[in-house]
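All remarks here apply to the structure that follows.
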There are 2 protein chains.
Amino acid sequence: MSRTTVSLVLNNVRDIKISPATRQKVMDAAERLGYVPNAAARALVSQRAQIIGLLLSRKSHHISTDAFINPIMQGLLDVFRQHDMCLLIDIVDPDHTKEAYIQLARAKRIDGILFSGPRLDDEALKLLEVDGFPTVLIGQLPGTKLCVVDIDNCAAAKSAVAHLIRLGHRQIACITNAQLTYSAAVERLRGYQCALEEAGIAYDPALVRFGDFTIESGYEQMRNLLAGQTKFTAAFVASDTLALGARAALSEQGLAVPQDVALVGFDDLPFARYMDPPLTTVHLPVSDLAHRASEMMIALLSGDHVPCDRVILDTELIIRESCGASHTSTVMKRKEEKEGERIFRNNL
Amino acid sequence: MSRTTVSLVLNNVRDIKISPATRQKVMDAAERLGYVPNAAARALVSQRAQIIGLLLSRKSHHISTDAFINPIMQGLLDVFRQHDMCLLIDIVDPDHTKEAYIQLARAKRIDGILFSGPRLDDEALKLLEVDGFPTVLIGQLPGTKLCVVDIDNCAAAKSAVAHLIRLGHRQIACITNAQLTYSAAVERLRGYQCALEEAGIAYDPALVRFGDFTIESGYEQMRNLLAGQTKFTAAFVASDTLALGARAALSEQGLAVPQDVALVGFDDLPFARYMDPPLTTVHLPVSDLAHRASEMMIALLSGDHVPCDRVILDTELIIRESCGASHTSTVMKRKEEKEGERIFRNNL
DNA sequence: TATGATAACTAACACGTGTTACTAAATCGC
DNA sequence: GCGATTTAGTAACACGTGTTAGTTATCATA
């Protein structure tokens, strides 16, 4: 019984004639010995590592509180499992070696890259495009030909702020989710500006602050806003994580939400509905994003024609109580939330 | 100029004579071509994949809200980066193929396994032990010889509950962080029981509920407790994530924290200090856990003698306001938190 | 100049698999 | 009974690297 026979049997190669007896003998032996083909040898000959890299483009210390990562990972693994793919994770921190992830690609340690949260100033990303390395962006990047799976951050943010305007607010503060090197932060800020403009409200930089992914930054920036001269009756915080910190800063100053300051978040993280008051926020279809991204990657790798290289998923404005638009009684509010929540689809 | 010369130069092999001119020529060419040695070929010949697997032992849908994972990943990557190691992530869900992760090991796709949150009924783990595969548990497992990095869940839980007792509470409810198939859940429950026992309080199963990692389960189980006949004035929720849900259930019923029900959590997740009121909780040195675990793995792989195969890190009870022991004014509370927080070291 | 030592480089093997081309045995058609 | 076809199995190469042993050129020494 040769090595070849074993390979043929274990890989279940079609249209090949192996007697059932031999086949069974091979299976038995493999089972008995706990034999599993060596991944490196297999990768070497097949030119496929069967590993996809998920690259998180943000500072290392921002990973801890990033609630976006987990559902993405879960979604990816769900799909990968069905294709015998593995998931490798790495951080792309501008403070580290710039081309670290390019090396992963060139060494063929990974077959493809899912790139989350691209930065506008990431030069290495362009290298990937030149190399023609299979890449899917989770998030957008102006002027790239790479595959993209994302939401319309601008439209989503606009709908959130428009909602506040609809409720009568004119002085609306904004805290971005991150610095403007991150494309999502730029887009969400732009949505804020668009909503103001459409309502004929002048954009006032004194009401805008820049966060950096963390709860702390939400807290600090809200304190900063409150310490400023310009008054506001509502705030759009472009990340639920930061909204949590912002709310803490508000109640620390004795300000009630939504009575004194109406609050709207972004992301609809799991805790948003359990905040006090429950947070009005933009729902991000994180799970869908992950599924679409991973399926696009699989298609890219299998050489199939990729039908659409630009997927923009719908978001929804989930209206809870932090914006002051909900009027269900406090006691029963959460019980009826599913019915009580009003949803505005942003991309119809 | 042969392939061998290139290999020698690029790997910076010591005690080998290569003329500076040749050396430079090699470096230049590599730079120009963007050459990076093929990982699979390297792994095949060196018998090292340079990849460590982080295995998350919990149900797939519990990954989303598990705030423990991110800081662990961050800590691991910090250490791995210095050793040219990569991080591969996978979920060990009892509903999937049991031996999926054993295959990763046998295929030598990964050099070692960091196993987070071992379940008592995981049979495959014993296989790893038999195989002698480099493994470090993050969390404990009775009767294993594997390396362990963990905290003393029992002592930590005990100190939290003892604190409530010290404040005068006698009817103390408990919601576990997970089902009792997870060793950490068992230990935390045991800590709760020990504290009661030492104070001469009878253990009442009517005051105990079992969570499952999610905010929802905290919410549901607290509602369940409140709907029960047995009254309580305090609750120990063995996970901050669940505590968030529990607090929502309390305020939904018009119960104030800590006036009506004192609350103590576990984990000291980033949001704990920003809850309203700030959550008294047990601080888990997550970052340390990750560092110690990864360093232990590196030592294991380098064949060094591993000095200690069982590292138990200290926890601290962080006293904020949800337990009713803090008396700083509400307005200034967070500002003075760092000084105002009282800390009890659990393992001296 | 002959001898040995050293510097600089290379040919050849090993790693464990997938795959192709080939051989031997068995079966079939007439 | 004999060539043609099908069935079952194998030898040999390729994948891209690290490494060992070996081969020239260069140079110092007696």
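Proteins come first, then strands; the chains are lettered A, B, ... in the order of their sequence lines, and each starts at number 1.
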Gap between atoms [atom1] and [atom2], on [X] and [N] respectively (whole Å):
X: A:Q24; N: D:dA8; atom1: CD; atom2: C1'; result: 17 Å
X: A:R42; N: C:dC15; atom1: CZ; atom2: C1'; result: 16 Å
X: B:L10; N: D:dT19; atom1: CG; atom2: C1'; result: 15 Å
X: B:N11; N: D:dT20; atom1: CG; atom2: P; result: 13 Å
X: A:L8; N: C:dT20; atom1: CG; atom2: C1'; result: 11 Å
X: B:Q50; N: D:dT17; atom1: CD; atom2: C1'; result: 14 Å
X: A:R23; N: D:dA8; atom1: CZ; atom2: P; result: 10 Å
X: A:L44; N: D:dG16; atom1: CG; atom2: P; result: 7 Å

Practice problem: Output yes when a side-chain donor or acceptor of A:R109 lies under 3.5 Å from a complementary backbone atom of A:Q103, and no otherwise. | Solution: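 No.
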Determine whether a donor-acceptor pair (one donor, one acceptor, N or O, separation below 3.5 Å) exists between the side chain of [X] and the base of [N].
X: B:T4; N: D:dT19; value: yes
X: A:R48; N: C:dG18; value: no
X: A:T5; N: D:dT10; value: no

Quiz item: Once the angle between the rings of B:Y182 and B:F213 is folded into 0 to 90°, is it parallel (under 30°), tilted (30 to 60°) or perpendicular (over 60°)?
Solution: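 Perpendicular: the ring planes of B:Y182 and B:F213 meet at over 60°.
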Check this one for me: any side-chain N or O of [X] less than 4.0 Å away from OP1 or OP2 of [N]?
X: B:Y35; N: D:dT17; answer: yes
X: B:Q47; N: C:dA14; answer: no
X: A:S7; N: C:dT19; answer: no

Quiz item: Considering only side-chain heavy atoms of A:N38, which listed nucleotide, C:dC9, C:dT17, D:dT17, is closest?
Solution: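 For A:N38, the side-chain atoms sit closest to C:dT17.
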Quiz item: Of all the nucleotides listed (C:dT10, D:dG16, C:dA12), which has the minimum atom distance to the side chain of B:R3?
Solution: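 Comparing C:dT10, D:dG16, C:dA12 against the side chain of B:R3, the answer is C:dA12.
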Self-check item: Shortest non-hydrogen contact between B:A184 and B:N153, atoms and distance
Solution: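 Closest pair (atom of B:A184, atom of B:N153, distance): CB-ND2, 4.0 Å.
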Practice problem: List the steps, then state whether side chain to side chain contact (heavy atoms under 4.5 Å, CB included) holds for B:T214 with B:H62. | Solution: CA-CA 7 Å; B:T214 62; B:H62 290 156; 3.6 Å; yes
Quiz item: Quick one: on DNA chain C, does B:V45 or A:V45 contact a more 5' nucleotide (nearest heavy atom)?
Solution: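 Looking at the nearest nucleotide for each, B:V45 comes out on the 5' side.
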Self-check item: First of B:S46 and A:A41 reached from the 5' end of DNA chain D, by closest nucleotide
Solution: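 Taking each residue's closest nucleotide, the earlier one in sequence belongs to A:A41.
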Practice problem: Take B:E129 and B:K126 through the salt bridge (charged side-chain N to carboxylate O under 4.0 Å, His left out) test and state the conclusion after the steps. | Solution: CA-CA 5 Å; B:E129 200 169 339; B:K126 291 163 193 163; over 6 Å; no
